[in-house]
J.: 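Here it is, the structure, as structure tokens.
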Number of protein chains: 2
Amino acid sequence: MPDEPWRASLDHALERNRLSPSHRFVQLATIGLDGRPAVRTVVFRGFLGDSRELIFTTDARSAKRTELERVPDAALCWYFAETREQFRFSGVVRLVDVSTAEARFQEARRDVWRGLSNETRASFAWPTPGAPRVREVAFPTTPPDPDRPLDDFALMIFSIREVDHLELDGDPQRRWRYVLHDHGRWSTREVNP
Amino acid sequence: MPDEPWRASLDHALERNRLSPSHRFVQLATIGLDGRPAVRTVVFRGFLGDSRELIFTTDARSAKRTELERVPDAALCWYFAETREQFRFSGVVRLVDVSTAEARFQEARRDVWRGLSNETRASFAWPTPGAPRVREVAFPTTPPDPDRPLDDFALMIFSIREVDHLELDGDPQRRWRYVLHDHGRWSTREVNP
């Protein structure tokens with residue numbers, strides 16, 4: 001059973017919102033290469049063993065990969081529409097790509113790849129994301145091998161250090177802050193919404 | 001008719017997603033006081049005259065207000081679940097609070113205040129957001145005067161400089177980038193999703 005004091009609330013939200021098609025959509029904020037904030041939607045792909053690490057995927061050629069290599073600090077906003085609650089996470093992202101040596105990370109990369117749809121796997125063979133669209137260039141649709149991740153398939157492992165959990169239902173609303181301290185223990189405090 | 005080449009797409013998305021209770025929920029990313037990214041959900045309250053300025057509200061005592069006073073650069077992510085499309089905006093936020101002199105901004109502040117629900121208006125009389133919750137301190141529920149904004153009611157006027165519009169439906173997906181140049185004109189380019 002995980003030690004994280006916020007984990008039961010997150011599991012509960014995932015369970016209660018599971019029928020909503022977008023309940024795994026999370027907004028990831030980074031520092032852009034120009035030093036300004038950047039934010040986009042990513043899809044939650046599960047926990048990496050240790051329960052405070054969240055897995056997301058990225059194309060290795062995308063802007064967010066370059067941004068996170070430069071500044072690994074990031075933030076997440078996860079709004080659950082059915083239960084009207086929001087989790088905000090602060091933490092650090094570790095990139096796992098084709099060149100990562102550690103076996104447990106490559107294993108996670110293969111596992112997540114296997115769990116993707118054929119359409120999503122095929123998108124990692126598309127032309128470079130964000131580059132000008134050239135009409136003549138094809139977007140391959142042939143499903144890649146489900147057992148062999150394409151080279152541009154990468155994981156973002158988001159390691160959580162702070163949590164802000166807001167429940168909009170309730171009168172008044174309720175809000176908690178959780179902070180991971182250097183000695184590895186979490187503090188919990190209820191704060192004003 | 002607005003000049004912004006992306007505005008028709010945004011209006012269309014607002015119209016087509018209007019039955020979804022969260023279609024006005026947008027994620028606002030800022031630079032935290034510690035220099036790390038921060039992101040939270042805010043509610044779109046309309047356009048300010050000029051069509052590239054989006055209005056949001058904030059409590060003047062909130063962290064985002066302090067963050068934006070220090071670094072006005074910000075980013076927005078607006079995901080429309082029904083039509084499966086995402087708008088990402090980069091820009092600068094101007095704060096409008098009780099001390100703002102310009103008449104047109106105070107007028108907007110009063111207009112937005114009038115348009116809020118009684119419950120939302122009452123929340124601006126609550127104890128300081130993010131401060132430790134003290135059980136004995138009351139959360140006032142008496143509706144404030146709808147014609148007289150409370151002192152802690154502030155607007156964030158988000159002035160858009162760059163837009164990234166992604167349509168997930170379609171085979172393949174489609175994506176456009178719009179950039180505002182110094183001479184006041186927008187460039188439009190279709191890019192790879």
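Letters A, B, ... are given to chains in the order of the sequence lines, protein chains preceding strands, and every chain is numbered from 1. Any value given below was found using the heavy atoms of this structure, including those in side chains, with hydrogens, waters and symmetry copies removed. Please read all numbers here as calculations on a predicted model, not as lab measurements.
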J.: Checking heavy atoms, do the side chain of Arg61(B), its backbone, both or neither come under 4.5 Å from chain A?
T.: neither

J.: Which bit of Leu76(B) comes within less than 4.5 Å of chain A, counting heavy atoms only: side chain, backbone, both or neither?
T.: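 Contact with chain A is through the backbone of Leu76(B) alone.
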
J.: Using a heavy-atom distance cut-off of less than 4.5 Å, which residues of residues 143-159 of chain B contact chain A?
T.: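 Within residues 143-159 of chain B, no residue comes under 4.5 Å of chain A, counting heavy atoms only.
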
J.: Can you tell me how far CD of Glu162(B) sits from CZ of Arg36(A), rounded to the nearest 0.5 angstrom?
T.: 7.5 Å

J.: Under 4.5 Å, counting heavy-atom pairs only, tell me which of Pro21(A), Ala131(A), Ala122(A) racks up the most with chain B.
T.: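 Looking at each of Pro21(A), Ala131(A), Ala122(A) in turn, Ala131(A) comes out on top.
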
J.: Could you tell me which portion of Glu119(B) (side chain, backbone, both or neither) has an atom closer than 4.5 angstrom to a non-hydrogen atom of chain A?
T.: neither

J.: By a 4.5 Å heavy-atom criterion (distance strictly below it), what part of Ser22(B) contacts chain A: side chain, backbone, both, or neither?
T.: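 Contact with chain A involves the side chain of Ser22(B) alone.
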
J.: Is the closest side-chain heavy-atom distance between Pro37(A) and Glu67(B) below 4.5 Å?
T.: no

J.: When only heavy atoms count and the cut-off is under 4.5 Å, which of residues 183-193 of chain B reach chain A?
T.: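 If one takes a 4.5 Å heavy-atom cut-off, the residues of residues 183-193 of chain B near chain A are Arg189(B), Glu190(B), Val191(B), Asn192(B), Pro193(B).
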
J.: Using a heavy-atom cutoff of under 4.5 Å, enumerate the residues of residues 78-88 of chain B that contact chain A, numbered in order, or state 'none'.
T.: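 Checking residues 78-88 of chain B against chain A gives Tyr79(B), Ala81(B), Gln86(B), Arg88(B).
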
J.: Go through the structure and list residues passing salt bridge (Lys or Arg N to Asp or Glu O under 4.0 Å) with Arg121(A), not counting sequence neighbours.
T.: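 Residues passing salt bridge (Lys or Arg N to Asp or Glu O under 4.0 Å) with Arg121(A): none at all.
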
J.: Below 4.5 Å, heavy atoms only, C-beta onward: do Arg133(B) and Arg175(A) meet side chain to side chain?
T.: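 The answer is no; the side chains never approach within 4.5 Å.
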
